[in-house]
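This report concerns only the one structure given below.
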Amino acid sequence: MFLNQDRIGATVSQSRYVIGHQQPDTDTVCSALAYARLKQKQEIDAVPARAGELNPETQFVLERWNAESPPLLNDATDEQLILVDHNEYSQTVAGARNANIVEIVDHHRIGDVETSNPILFRNEPVGSTATILTQLFADADETISAQTAGLLLSGLLSDTVVLRSPTTTERDRVVAKQLADTAGVDYEKYGKELLRHKSKIGEKTPREMILSDFKEFEFGPAEVGIGQIETVEPDVVLDQQDAVLAAMDDVATERDYAVFLLLVTDLLEEDSTALVAGTETATVETGLDTSFSNQEAFLPGVMSRKKQVVPPLEDAFN
Ligand code: MN
Ligand code: MN
């Protein structure tokens, strides 16, 4: 049953709904749109749907490619569903347990969905569902329009952080180039534009920023806090460096940290700017083999707190 009945008429009430997961992301929404189109090209009755509100990035994508939002499906009871980009009941649209799941296209671990009949279940360890859908168009000998290519490219680039996530496979790279050609965009340039809409850092206070992805460590006798902000626009953080450092000083004092280290990680350039507060910053300089100037240091190639920052700091403090 759809909320916005104006978009869904009686004629499609026997349709299959192509639908992604709750808290929809760009890959989930664009995959639903693209797969419904492929089905329609094959004269199979299917309409796209979504299981929740669109995020700002996906809204941008739909506007950019002149695509209409799939309607919201608020209860899938007794409907026929084609699931894309998920296969676990904890992520499905409400009512999915009492729906008839007729097909699944996904790139996640196999979850818990059950069906009464055998179905087409296509799951591949690639960077996005959009990558698999591009292959499904080819398998069906159907061409991809510039608009559909733009949508699929958006899903692929969003899920893989413009091919930089460790989940990216060689196939994702090949497919991204192919889709970008068809869509008529430079995928690197478009990807940056896309990711700018992902983070809403600018709307957080400095204190919220520095504590939103934050971990505490005990390195020998020292209590050390390490925060990380992963972003495509580090300048949004670094332009308010004084306020950010003041917030870090406050937290370090309140919690008696020897050091509060903040990594501002540029996802596109694949490096980090470190900001530091606390009394034992010299030990951080030794550990990271760097030196701070005005409580700031540039760390080329550093993306991972877990792999590149915590081990050397633990050594330096012990
Ligand atoms: Mn997803
Ligand atoms: Mn996905």
Side-chain angles (χ1 to χ4, degrees), residues 17-38 47-73 82-88 91-93 104-108 123-137 144-169 171-173 175-180 182-201 230-233 267-268:
Y17 298 120
V18 186
I19 189 164
H21 52 79
Q22 292 178 44
Q23 286 162 312
D25 55 23
T26 298
D27 189 39
T28 245
V29 171
C30 292
S31 293
L33 287 169
Y35 204 25
R37 278 179 200 181
L38 176 57
V47 291
R50 63 183 158 90
E53 293 311 312
L54 298 176
N55 68 35
E57 183 197 64
T58 309
Q59 287 175 27
F60 159 76
V61 165
L62 296 182
E63 275 172 38
R64 170 66 180 77
W65 298 100
N66 262 317
E68 264 199 61
S69 168
L72 180 70
L73 183 62
I82 296 173
L83 303 185
V84 290
D85 201 39
H86 71 305
N87 71 92
E88 303 193 39
Q91 301 173 12
T92 52
V93 59
I104 302 171
V105 181
D106 191 16
H107 69 127
H108 294 94
N123 195 290
E124 294 184 51
V126 291
S128 71
T129 299
T131 309
I132 306 168
L133 282 176
T134 305
Q135 185 62 45
L136 292 182
F137 272 82
I144 298 180
S145 69
Q147 188 199 42
T148 301
L151 294 172
L152 288 170
L153 180 67
S154 303
L156 198 173
L157 294 178
S158 172
D159 264 25
T160 61
V161 195
V162 196
L163 308 179
R164 281 160 175 83
S165 155
T167 58
T168 310
T169 67
R171 269 202 34 226
D172 297 306
R173 296 179 199 285
V175 167
K177 287 193 184 90
Q178 179 193 326
L179 290 171
T182 309
V185 294
D186 175 329
Y187 74 79
E188 188 71 45
K189 222 167 118 189
Y190 174 64
K192 282 189 184 176
E193 198 184 344
L194 180 65
L195 293 187
R196 256 195 286 282
H197 294 263
K198 199 189 270 289
S199 55
K200 286 189 131 187
I201 297 169
E230 294 176 293
T231 177
V232 293
E233 33 184 16
L267 291 171
L268 298 182

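- Scanning both residues, A34 and L133, for their nearest heavy atoms gives CB-CD1, 4.4 Å.
- Put simply, the side chain of D106 never gets that close to the backbone of T129: no donor and acceptor are under 3.5 Å apart.
- Considering all non-hydrogen atoms of both residues, L38 and F137 come closest at CB-CZ, 3.7 Å.
- Under the 3.5 Å distance criterion, the side-chain polar atoms of R196 are left unmatched by any main-chain donor or acceptor of V232.
- Between W65 and Y190, the angle of the ring planes goes over 60°, which puts this pair in the perpendicular group of the 30/60° scheme.
- Taking both residues in full, the closest heavy atoms of N55 and D25 are given as ND2-CA, 3.7 Å, listed atom of the first, atom of the second, then distance.
- Here the side chains of Y17 and I82 are not in contact, with every heavy-atom distance at 4.5 Å or above.
- From L163, atom CG reaches atom CG of L156 across 6.5 Å, with rounding to the nearest 0.5 Å.
- Side-chain atoms of T134 and Q178 include no donor-acceptor pair closer than 3.5 Å.
- Put simply, the side chain of S31 gets close to the backbone of D27: a donor and an acceptor are under 3.5 Å apart.
- Taking CG from L267 and CZ from R164, the interatomic distance works out to 8.5 Å, rounded to the nearest 0.5 Å.
- Contact check for L151 versus V61: side-chain heavy atoms found under the 4.5 Å cut-off.
- The shortest heavy-atom contact between K192 and L268 is CG-CD1, 2.9 Å.
- One finds the CG atom of L54 at 11.0 Å from the OG1 atom of T28 (value rounded to the nearest 0.5 Å).
- The minimum heavy-atom distance linking A49 with L73 is given by the pair CB-CB, 4.1 Å.
- The minimum heavy-atom distance linking V29 with P24 is given by the pair CG2-CB, 3.7 Å.
- Using a 4.5 Å heavy-atom cutoff, the side chains of R171 and E124 are in contact.
- With rounding to the nearest 0.5 Å, the separation of CD1 in I19 from CG in D85 is 12.0 Å.
- The shortest distance between side-chain heavy atoms of R64 and H197 does not fall below 4.5 Å.
- Separating the CZ atom in R50 from the OG1 atom in T58 is a distance of 10.0 Å, to the nearest 0.5 Å.
- Taken from CG in L195 to CD in E230, the straight-line distance is 12.0 Å, to the nearest 0.5 Å.
- By the 4.5 Å heavy-atom criterion applied to side chains, V93 and Q22 are not counted as neighbours.
- A 4.5 Å side-chain heavy-atom check between D172 and D159 finds every atom pair outside the cut-off.
- With no hydrogens or angles considered, a side-chain donor-acceptor pair links S128 and T131 at under 3.5 Å.
- Side-chain contact check for R173 versus T168: some heavy-atom pair is nearer than 4.5 Å.
- For E188, the CD atom sits in a packed shell: over 12 heavy atoms of surrounding residues, nucleotides or ligands are nearer than 6.0 Å.
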